[in-house]
Every structure is written in structure tokens, then in C-alpha cells.
Engineer: 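First the structure, then my questions, so here it is.
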Amino acid sequence: MKNDLFLSWPGIFIAVALVFSVFAWWQSSSLEQLYVERTERELESRGRLFAGEAARLVRAGDLAGLQEFFSAEGRATRTRISLIAADGEVIADSDEQPGNMDNHGRRPEVVEAMQAFAKGEGSYSVIRHSSTSGRRMIYCAMPIAIGDRHYVLRAAFSIHEIDAVLRRARMDVLWAVLVTMLIAAGFCWFLYQTITRPVRALCGASARIAAGDLDTRLPVPRRGAIRELGGSVSRMAEELKARIGEITREKGERDAIFAALSEGVVVLDVGENIIDTNRAARRIFQIKGDPRKQPVGALLRNEALADFLKRLREGGEPAEAEFPFSLPSGDKQLRVRGCTLRWNGNDRQGILLVFYDMTQLRKLENFRRDFVANVSHEIKTPLTVIRGAVETLQDGAINEPESARRFMEIISTHSERLNNLVQDILSLSLLEYRASGERYDLVNCDLSLPLASAVKLEQPRAEEAGIRLVTEIEANPQVRIDVQLIEQAVVNLIDNAIKHSGEKSEIRIRLHTEDGNAVLSVTDRGCGIAPEHVERLFERFYRVDKARSRKAGGTGLGLAIVKHIMQLHRGSAEVRSRPGEGSTFLLRLPIVKSGCASGAS
């Protein structure tokens with residue numbers, strides 16, 4: 001504390017000198033203003049005393065007497081007195097002969113006095129340089145009326161003496177400030193050499209240590225009070241370096257564990273503001289920027305989470321819950337475990353939340369449940385029909401040729417349906433297995449090859465249904481594909497179009513390129529698809545018209561297989577349709593530039 005006060009003395013000296021200078025300057029200006037105001041009042045009083053006699057002499061036409069009167073009074077009162085006509089002509093003046101003076105109509109005080117007369121106001125005062133006397137003068141002009149003419153009686157006093165006094169006073173102040181500052185400068189130089197420079201060196205080294213440069217050597221003076229301070233700071237720096245090294249190592253270990261966790265971790269303080277989050281939490285909640293010091297309620301808006309935090313605060317025991325979250329990327333199902341944090345045995349200092357993303361798991365569970373239910377339902381129907389036909393045959397219908405033949409056809413039809421269903425389920429399982437990472441062979445070839453093969457396979461069915469297949473090949477790009485899978489996808493689309501097109505209709509298969517992709521489209525002229533069904537059309541077992549689809553022999557898995565085949569080839573499948581206008585199914589595949597060569601993926 002002493003050193004701080006000692007170091008501030010030069011600043012105090014300079015500040016006192018500056019304050020004294022400002023005060024002295026302000027005081028001299030105040031004295032000048034006081035002097036000017038008093039002089040103005042005196043000039044106004046004198047002017048009023050001279051006005052009556054001046055008016056009498058002007059009425060009498062005794063201008064010589066007026067000149068003598070002004071000269072006498074001017075010498076007695078050290079005041080310059082002038083009478084000026086409205087047109088600016090000087091009638092009489094105490095210091096000069098009127099004939100030797102120029103027109104005063106443009107003098108500021110004369111102009112203002114005439115304007116004041118017109119407004120019914122009093123006198124007007126001004127300080128300016130006199131061209132006649134060559135000095136700064138204070139003028140007080142007042143309008144007077146003599147007969148039917150207007151005049152300005154002007155009284156003036158030189159302020160040259162007060163200016164000289166003020167100049168001397170201000171010069172004294174400047175000299176005093178200069179001497180004070182020189183003394184302060186010398187004292188500051190002494191302090192700088194003995195105290196300030198060593199302290200600054202210590203401060204600079206301490207700042208580098210605080211910034212992370214722990215290898216900085218602290219300068220320790222050879223003597224003086226600062227030597228003890230330097231030694232203490234040096235020992236503190238060594239201890240700080242050791243402690244920071246230990247903390248850095250512990251923090252590195254904690255951060256590595258924190259970042260490696262697949263679960264989202266959010267740490268809150270006692271006010272439920274975010275202290276820290278790990279990478280998984282920022283990914284789950286799509287947090288951009290630094291979320292620290294933000295209220296968790298503002299960042300993660302969820303009523304169920306707010307209730308969970310409330311229970312955690314009130315109970316104090318670890319808790320666990322699962323609830324949905326609405327996020328910009330979509331809804332998520334999260335399980336959260338929370339516990340209170342305490343340090344050094346104190347009261348609750350914060351809350352630790354661990355989030356588990358259960359979205360995919362719940363989707364898989366729902367998908368498995370729905371898939372089992374759908375497969376069970378799809379299998380149950382043909383099995384029931386087959387069982388009924390067998391029981392009917394066992395009850396005696398086998399002895400009736402017509403009935404036996406009819407029931408055998410029923411058994412054959414539904415057996416084929418079961419076989420198709422099993423084949424489609426196996427195809428989907430194989431596609432999913434391949435998509436999970438198994439190596440499989442792809443080749444570079446023209447997309448027209450599997451297209452031609454698929455059209456050839458479906459041609460008999462189309463002819464049987466009275467439907468014409470039209471192929472348009474506008475481009476023949478090379479793609480990297482599994483030929484059999486692409487052929488199966490095209491067959492499924494053509495088969496689907498045949499089932500939903502009327503007799504004597506037309507199905508158009510078109511191959512072209514668009515935005516660097518090979519596009520294969522299958523267009524029918526059927527009844528079309530309503531907008532609410534389009535998005536779900538590629539789901540498993542989803543049918544727009546269930547009765548018609550089953551009657552046509554569909555398993556409900558054909559379009560789902562198409563979607564999985566395209567995903568396996570990093571392509572896409574989509575549908576465009578309007579009710580009553582038919583449908584167009586499009587397959588998009590990336591084009592490759594290399595020649596035909598097989599490879600593994």
C-alpha cells in the first residue's frame with residue numbers, strides 16, 4: 001500500500017498543478033467578467049446622466065457647447081462619450097473632433113442600440129477593438145430621442161489595464177505550473193529508476209506467466225525493498241508452474257474422457273446455467289457456438305426436462321427419465337440421468353445430466369414390432385385360405401373333380417403368394433445385410449443392359465394384360481451397379497405399373513441423364529396416387545388400395561425392395577403422381593466416367 005501511494009506522488013503533483021492552473025485561469029476569467037459587468041453598469045449610469053444635458057444642448061443647437069461638455073466630462077471620468085445620429089454621423093465626441101471621424105452607422109453597438117430603440121428596449125453593451133484609439137474598449141450605447149429625431153448616446157471605457165493585469169497573472173500561473181511540472185518530472189525520474197522500473201519488470205514477467213509462459217524468469221533486483229517482493233513472486237511462480245502442470249494433466253485426462261463419451265453430457269451450475277457440454281451433447285441438440293453461461297431452459301426448451309430438473313432439485317437424489325425432444329432436425333427420444341454435484345462436502349453446487357439418444361433404438365423396436373405384425377398378418381391370410389381348402393378337400397370335396405380342381409387352384413395360388421412373400425423378405429434381408437458393410441461386387445456397365453433385360457422379362461405379362469411397353473433411350477450412361485439388383489428394381493417398377501394400369505394402356509420406360517445422374521423412369525397411365533400416400537409409398541407392406549393390391553398378387557414389399565436397392569447403390573427412388581393422371585417412378589444413379597471394369601466395394 002505504501003509503495004502504491006509512493007508511486008502515485010508524481011501523478012498527484014501533476015494533478016494538483018493542473019487543477020491549480022485551471023482554477024487560477026478560471027478565477028482570472030471570473031474577475032475579468034466581474035470587472036466588465038461592473039464597468040457596463042457604470043457606463044450605463046454615466047450615459048443616463050449625460051443624456052439630459054446632451055438633449056438640452058442639441059435642442060439649443062449648441063453643438064460646440066456639446067463638444068466642450070463631452071470633453072470635460074470625458075476627462076473627469078476617463079470615459080469616452082459620443083453622440084451619434086441615426087444615419088451614423090458623429091455629432092460630438094469627447095476624444096476626437098467629429099469632422100475627423102468616419103461614419104459610425106455600422107458600429108455594432110450603434111446598430112444594436114437603434115434596433116433596441118425600435119423594439120422599446122434599453123441599452124446595449126459590447127467589447128471590441130477601437131479603430132480610433134487602437135485599444136480594446138467596452139461600449140455602452142443607449143438610444144435617445146431629441147425632438148423628432150433619434151440619436152445614440154455612446155459611453156466607452158478602455159479595458160487595456162485589466163487586460164495587462166490578467167496577462168501578468170496568467171503568465172505567473174503558467175510559470176508556476178511549469179516549475180511544478182519540472183520538479184515532478186525530476187521526482188518521477190528518481191522513482192522510475194529506483195522503484196517503477198523494477199516493479200514494471202516484475203509485472204511484465206508476471207503477466208507472461210499468467211498468459212501461460214511458465215518458463216519466464218523473474219528479474220530480482222540486487223537491493224532495495226523490491227528485492228524481497230521479487231523473491232516472493234519468483235517462488236510463487238515456480239509453485240504455480242507445478243500446480244498448473246498438474247491441473248493441465250488432469251484436465252487433459254478429463255477432456256479426453258468427456259469427448260470420448262457417446263452419451264451427451266451437460267453440466268449445470270446452481271442457477272441451472274450451462275457450465276460445460278461434450279461433443280455428443282452438442283451433436284444431439286445441434287448446439288452451435290459456445291453454450292456456456294446460457295440458461296439450460298432457454299437452450300433446451302422442453303417442459304418434461306424442466307419438470308425433471310425440478311424433481312432433481314427438490315429430491316436431491318439421482319433420477320432417470322425418458323421423454324421426447326422436438327429439435328430442428330426432427331423429433332428425438334432421449335433418456336436422461338441426472339444427479340446433483342457437490343464439492344468439498346458443501347451444499348449442492350450444480351447438476352450433471354447424461355443424455356442417451358434412444359431414437360434409433362425405439363425406431364428399430366417399433367419397426368421390428370410393426371414388421372413382425374405385418375409379416376404375421378400377410379402370412380396368416382394365405383395360410384388360412386390354404387387350411388380351409390385342405391379341410392374342405394378332406395371333408396369329401398376331393399371326390400368331386402370340379403370342386404377338387406377349384407380348391408387345388410386356390411391352394412396353388414396362395415402357396416405362390418406365400419413363396420413370393422418369403423422371397424421378398426429374404427431379398428430385403430439380403431439388401432440390409434449388404435448395406436451393413438459386407439463386401440459385394442459392382443461393375444461399370446451401360447444402364448440400358450439391365451433395363452433391356454427387365455423389359456424382356458415383363459413383356460409376356462404386359463402382353464397378357466393388353467399393355468404396351470414403350471422404351472425410350474435418350475442417353476446410355478455408364479453406372480457402377482450390381483446388374484441383377486438393378487434389373488430386379490426395374491422389374492418391380494414395371495410389374496407395379498402393369499398391376500395398376502388398365503387394358504390397352506401404355507407404360508413408358510425412359511432412360512436419360514439429369515444433373516450428372518442417370519435417370520430411369522417408368523410412367524403408367526393408371527389411376528394415380530393421392531398426395532397423402534406418396535411419402536409412405538416406399539414403406540414395407542404399405543398399400544394404397546389393399547384389396548386391389550392383394551387381388552393383383554402383390555406382397556407389399558416390391559417398392560421397399562426398390563428403395564433399398566437404390567440406397568445400396570447410393571442412388572434414390574422417388575415417385576411423381578396425381579390422381580387420375582397416372583404415376584411416374586424415377587430411379588437416379590450416379591454416372592461414372594471410367595470404363596467397364598469390375599471391382600469390390
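Values reported hereafter were calculated over all heavy atoms of this structure, with side chains retained and with hydrogens, waters and symmetry mates removed.
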Engineer: Could you give me the CA-CA distance, side-chain angles and deciding distance for Leu559 and Phe585, then say whether side-chain contact (heavy atoms from CB on, under 4.5 Å) is met?
Structural biologist: CA-CA 10 Å; Leu559 293 180; Phe585 288 83; 3.9 Å; yes
Engineer: Please find the pair of heavy atoms, one from Pro295 and one from Asn273, that lie closest to each other, and give the distance.
Structural biologist: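 Heavy-atom minimum between the residues: CA-OD1, 3.4 Å.
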Engineer: Mark yes or no for whether Ser501, through its side chain, and Ala497, through its backbone, hold a donor-acceptor pair below 3.5 Å.
Structural biologist: yes
Engineer: Restricting to non-hydrogen atoms, name the atom on Ile473 and the atom on Ser448 that form the minimum distance, rounded to 0.1 Å.
Structural biologist: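 The answer is CD1-CB, 4.0 Å.
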Engineer: If you look at every heavy atom in Ala518 and Leu447, which pair is closest and at what distance?
Structural biologist: CB-CD2, 3.9 Å
Engineer: Strictly by modelled atom types, are Gln488 and Gln484 linked by a side-chain donor-acceptor pair under 3.5 Å?
Structural biologist: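 Side chains of Gln488 and Gln484: no pair found under 3.5 Å.
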Engineer: Flag the pair Arg406 / Met408 as yes when at least one side-chain heavy-atom distance between them is below 4.5 Å, and no otherwise.
Structural biologist: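 No - every pair of side-chain heavy atoms lies 4.5 Å or more apart.
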Engineer: Got a second to check how far Ile565's CD1 is from Asn492's CG, nearest 0.5 Å?
Structural biologist: 6.5 Å
Engineer: Taking C-beta and beyond as the side chain, do Thr523 and Ile509 meet within less than 4.5 Å on heavy atoms?
Structural biologist: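 Side chain of Thr523 against side chain of Ile509, heavy atoms only: no contact under 4.5 Å found.
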Engineer: Nearest 0.5 Å, please: how far is CZ in Arg576 from CG in Leu586?
Structural biologist: 5.0 Å
Engineer: Taking His569 for its side chain and Asp482 for its backbone only, find out whether a donor-acceptor pair lies under 3.5 Å.
Structural biologist: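 A pair under 3.5 Å: yes.
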Engineer: Enter the distance from Phe355:CZ to Phe285:CZ here, rounded to the nearest 0.5 Å.
Structural biologist: 4.0 Å
Engineer: One pair to check against side-chain contact (heavy atoms from CB on, under 4.5 Å): Cys445 and Ile481. What are the steps and the verdict?
Structural biologist: CA-CA 8 Å; Cys445 70; Ile481 58 173; 3.8 Å; yes
Engineer: With heavy-atom distances below 4.5 Å as the criterion, would you say the side chains of Phe323 and Asp307 are in contact?
Structural biologist: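 Counting from C-beta outward, Phe323 and Asp307 never come under 4.5 Å.
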Engineer: Which atoms form the tightest heavy-atom contact between Ser453 and Glu487, and what is the distance?
Structural biologist: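 Looking at all heavy atoms of both residues, the closest pair is OG-OE1, 2.9 Å.
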Engineer: Tell me the closest heavy-atom pair linking Ile284 and Gly264, and the distance in Å.
Structural biologist: CD1-N, 4.0 Å
Engineer: If you measure from CG on Asp269 to CD1 on Ile274, what distance do you get to the nearest 0.5 Å?
Structural biologist: 9.5 Å
Engineer: When you check the gap from the basic side-chain N to the acidic O, do Asp276 and Arg292 get nearer than 4.0 Å?
Structural biologist: no
Engineer: Do the side chain of Asn302 and the main chain of Leu305 share a donor and acceptor less than 3.5 angstrom apart?
Structural biologist: yes
Engineer: Do Arg282 and Thr277 have side-chain atoms, one donor and one acceptor, less than 3.5 Å apart?
Structural biologist: yes
Engineer: Is atom CD of Glu250 surrounded by more than 12 heavy atoms (other residues, nucleotides or ligands) closer than 6.0 Å?
Structural biologist: yes
Engineer: Answer whether the closest heavy-atom distance between the side chains of Leu353 and Leu309 falls below 4.5 Å.
Structural biologist: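 Yes - at least one pair of side-chain heavy atoms lies under 4.5 Å apart.
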Engineer: Shortest non-hydrogen contact from Ala321 to Phe308?
Structural biologist: CB-CD1, 3.8 Å
Engineer: Between Asn444 and Arg480, is there a side-chain heavy-atom distance shorter than 4.5 Å?
Structural biologist: yes
Engineer: Determine whether a donor-acceptor pair (N or O, by modelled atom type, separation under 3.5 Å) exists between the side chain of Asp524 and the backbone of Ser583.
Structural biologist: yes
Engineer: Does atom CD of Glu464 have more than 12 heavy-atom neighbours, drawn from other residues, nucleotides or ligands, at distances under 6.0 Å?
Structural biologist: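 No.
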Engineer: Roughly how far, to the nearest 0.5 Å, is the CZ atom of Arg468 from the CZ atom of Arg508?
Structural biologist: 7.0 Å
Engineer: I'd like to know if Glu514 and Arg588 make a salt bridge, using a cut-off of under 4.0 Å between side-chain N and carboxylate O.
Structural biologist: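 Yes, charged N to carboxylate O under 4.0 Å.
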Engineer: Under 4.5 Å between any side-chain heavy atoms of Arg510 and Ser521, yes or no?
Structural biologist: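 A side-chain contact exists here, since the closest heavy-atom pair is under 4.5 Å.
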Engineer: With rounding to the nearest 0.5 angstrom, report the CG to CD1 distance, Asn278 to Ile257.
Structural biologist: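 Here the interatomic distance stands at 12.0 Å.
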Engineer: Within the supplied structure, the quantity of interest is the number of heavy atoms (other residues, nucleotides, ligands) at a distance under 6.0 Å from Glu253 CD; does it exceed 12?
Structural biologist: yes
Engineer: Would Asn476 and Leu511 count as a side-chain contact (heavy atoms from CB on, under 4.5 Å) if you check the C-alpha gap in whole Å, the side-chain angles of each, and the deciding distance to 0.1 Å?
Structural biologist: CA-CA 7 Å; Asn476 191 16; Leu511 178 59; 4.2 Å; yes
Engineer: For side-chain contact (heavy atoms from CB on, under 4.5 Å), just list the numbers for Ile507 and Ile498, CA-CA rounded to whole Å, side-chain angles, deciding distance to a tenth of an Å, and then say yes or no.
Structural biologist: CA-CA 8 Å; Ile507 297 175; Ile498 292 173; 3.7 Å; yes
Engineer: Taking the side chain as everything from C-beta on, heavy atoms only, tell me whether Val490 gets closer than 4.5 Å to Leu520.
Structural biologist: yes
Engineer: May I ask you to test the Arg337-Tyr356 pair for a side-chain heavy-atom distance under 4.5 Å?
Structural biologist: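 Answer yes - side chains close enough.
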